[in-house]
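This is a predicted model, so every value here is computed, not measured. Letters A, B, ... mirror the listed sequences (proteins, then strands); counts begin at 1.
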Number of protein chains: 2
Amino acid sequence: MQKSQRLIQLIMRINAKQSFTVRELADEFGLSTRTITRDLQELSELGVPVYSIQGRGGGYRLLQERLLPPISFTEGEALAMFFACQTMDYFSSLPFGEGADSALHKFYHYLPADVREQIDRLKNKIMFWSPYRLMSAEILQTLLQAIMICSVVTIEYKSSSGISERNIQPIGLYAASGYWYCPAYCFTREDIRQFRADRILSAELNRAIPCRAEISQKSLLDKPNKDDLEQITLELEMTNKGVWLLESNPRFGTFIRHNEDGSGALTIEIAAQDMNFYVDLIWQWGSEVKIVGPAEARAYMHHKIESMRLLYDR
Amino acid sequence: MQKSQRLIQLIMRINAKQSFTVRELADEFGLSTRTITRDLQELSELGVPVYSIQGRGGGYRLLQERLLPPISFTEGEALAMFFACQTMDYFSSLPFGEGADSALHKFYHYLPADVREQIDRLKNKIMFWSPYRLMSAEILQTLLQAIMICSVVTIEYKSSSGISERNIQPIGLYAASGYWYCPAYCFTREDIRQFRADRILSAELNRAIPCRAEISQKSLLDKPNKDDLEQITLELEMTNKGVWLLESNPRFGTFIRHNEDGSGALTIEIAAQDMNFYVDLIWQWGSEVKIVGPAEARAYMHHKIESMRLLYDR
DNA sequence: TTAAACAAGACAATTCCTGTCTTATTTATA
DNA sequence: TATAAATAAGACAGGAATTGTCTTGTTTAA
């Protein structure tokens with residue numbers, strides 16, 4: 001193998017190991033140590049971040065960084081990655097938010113001029129607005145670490161009824177509609193609960209409590225099994241505007257039955273225990289969406305209206 | 001310059017041009033055409049996607065793709081890019097969603113084994129859930145194209161009052177709380193309006209109408225100047241739970257005044273024309289958040305309560 | 001103190017790289 | 001149809017770069 005090709009191979013090889021000795025590589029490539037030494041020197045001059053440690057047990061190390069071998073991306077891919085990283089920029093509260101920022105710069109810098117121009121044209125024209133940056137990075141980081149090493153975390157959680165201390169074993173983290181959520185097994189409630197990360201006031205790894213193996217196996221994709229819960233049927237009627245409002249709602253959109261005059265109706269099966277949640281949700285649409293049944297849902301609605309009257313009628 | 005280093009230079013040079021002849025490069029590097037031919041052959045064997053066209057006007061071309069020179073990323077950067085691309089995956093309705101997907105695979109494939117393992121451990125544990133995928137990619141693509149070439153678009157828009165046809169000149173695209181929005185100059189209203197992309201039923205470039213230069217200059221960061229609008233002061237009172245609810249709301253969170261008993265109050269300046277919008281927003285919190293003033297806001301609230309009573313009391 | 005690493009110079013043998021020359025082939029254009 | 005402008009690729013010799021060996025140092029953990 002010629003030198004020019006060997007150098008590229010070397011980059012990949014170095015990439016795969018994080019630490020190695022000259023002797024090792026020399027044997028691997030069937031070359032003398034002198035040659036490998038020279039190659040490494042050259043790579044170093046070309047910007048590959050390796051450094052050497054002399055002495056027994058020494059060797060070459062990658063500057064705790066990893067290289068990527070020369071990959072080629074298509075223009076579309078490069079664009080996509082750029083904007084993807086820009087998105088991450090807004091997730092600065094995430095442990096690797098910082099990485100995204102620096103990757104973004106490297107990426108941008110090495111792009112061919114015309115792709116860069118295209119990006120410039122779009123830069124201020126496309127945005128992913130997200131309020132996630134409001135979160136404290138520290139707590140997310142603790143949660144993330146707990147997920148990785150399957151540890152229990154002691155948190156202070158601020159629920160509507162006040163602040164309480166709990167031990168939880170986090171299953172994952174997900175961002176949805178502007179908030180970070182952490183599904184976790186709660187040792188107090190002895191069940192899986194969703195915690196909103198911004199309501200966790202403090203979080204600390206707690207190694208005293210052994211973690212539950214069956215919990216650490218779970219992934220975010222495992223849906224809680226709601227089959228065994230009592231189901232009820234929610235019936236709604238919508239005005240024309242109500243239809244328009246609900247059409248784009250991922251929860252209800254697909255269930256709408258359209259009437260000829262533009263109004264609509266909707267029937268959906270929900271878990272009985274979620275009823276109040278759904279009524280509160282539907283409340284936001286005011287008189288555009290009417291709850292027809294069940295009676296308990298209507299009763300809760302009446303109750304809400306009554307408390308509004310009391311609040312405003314004096 | 002030695003061959004090994006020249007090859008890396010060559011990659012970058014090729015990257016910058018999309019098309020070139022052997023002669024050109026030979027002059028540029030001060031080498032014979034034969035050498036360059038050999039180099040290109042070698043690069044081709046190393047996976048650089050160049051191809052040649054023989055005959056007059058021929059030359060070498062990059063396979064309509066662009067290469068990136070060998071960049072090195074840190075482990076953190078690689079992780080960030082991976083998750084960023086995964087995010088993009090959910091934005092599959094975006095024109096470059098597909099690119100993100102393929103970039104993701106390339107990226108993942110070339111990562112060193114232990115970084116890959118780390119990603120695997122986190123893959124199902126961190127997610128960015130977004131409902132953007134519900135959007136038709138076609139319309140977003142048309143809008144995006146219009147933004148790039150500064151063209152007018154004829155759209156069918158579904159507002160609450162029905163479907164209408166309009167000519168608009170898009171300024172940008174942004175994703176927020178699960179929807180894509182397109183701020184654009186509306187030729188019908190003769191003003192800038194926000195269009196929700198999923199309510200655009202069809203979109204077609206319309207080159208017949210000349211675009212407005214002052215509009216194509218605008219970026220998403222240009223905030224509409226609301227200084228000249230009439231301002232009113234909205235006053236709210238919250239229960240303990242109301243405080244808890246509003247704390248995490250980016251619109252109100254920072255303005256809360258806390259009382260000793262845990263309840264709170266809030267004063268915020270808003271544009272008079274946005275009042276109904278704000279009252280509708282506050283409505284969702286029911287009796288936890290009370291509007292104290294101005295009188296018009298309370299009147300609108302009363303009106304909403306009354307129509308709810310009528311709807312449910314018969 | 002020793003063994004295991006890296007650091008780097010010198011030099012000859014060898015390999016490879018490069019330019020030149022050559023012959024073909026392809027393709028657009030006049 | 002001829003021509004010019006491209007690529008494709010073989011052969012070969014001279015020169016340049018690469019390589020291995022040998023050597024002398026230095027650093028560091030055990």
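Within 4.0 Å (heavy atoms only), A:R61 reaches no atom of the nucleic acid at all.
With sequence neighbours excluded, no residue forms a salt bridge (Lys or Arg N to Asp or Glu O under 4.0 Å) with B:R56. Among residues two or more places apart in sequence or in another chain, the side-chain contact (heavy atoms from CB on, under 4.5 Å) test is passed with B:E42 by A:S4, A:Q5, B:K3, B:L7. Applying the salt bridge (Lys or Arg N to Asp or Glu O under 4.0 Å) test to A:R166 and every residue at least two apart in sequence or in another chain returns nothing. B:S19 is linked by a side-chain contact (heavy atoms from CB on, under 4.5 Å) to B:R61, counting only residues two or more places apart in sequence or in another chain. Annotation: salt bridge (Lys or Arg N to Asp or Glu O under 4.0 Å) contacts of A:E28 (sequence neighbours excluded): A:R13, A:K17. With sequence neighbours excluded, the residues that form a side-chain contact (heavy atoms from CB on, under 4.5 Å) with B:Q9 are B:M1, B:M12, B:F29. By the side-chain contact (heavy atoms from CB on, under 4.5 Å) test, A:I209 is found to be paired with A:V152, A:N167, A:F187, A:N206, residues two or more places apart in sequence or in another chain being considered.
Nucleotide C:dC6 holds its C1' atom 13 Å from the CZ atom of A:R23, rounded to whole Å. The distance from atom CG of B:D39 to atom C1' of C:dC17 is 10 Å, rounded to the nearest whole Å.
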B/S/- contact track for nucleotides 20-30 of chain D, protein heavy atom under 4.0 Å = BB----BBBB-
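Contact check, B:T21 against D:dA5: no side-chain N or O comes under 4.0 Å of OP1 or OP2.
A rotation axis mapping the C1' atoms of four pairs onto the next four is fitted at both ends of the helix from C:dT1-D:dA30 to C:dA30-D:dT1 over five pairs, and the angle between these axes is 40° to 10 degrees.
Counting heavy atoms from C-beta outward, A:L43 and A:L10 have side chains that approach closer than 4.5 Å.
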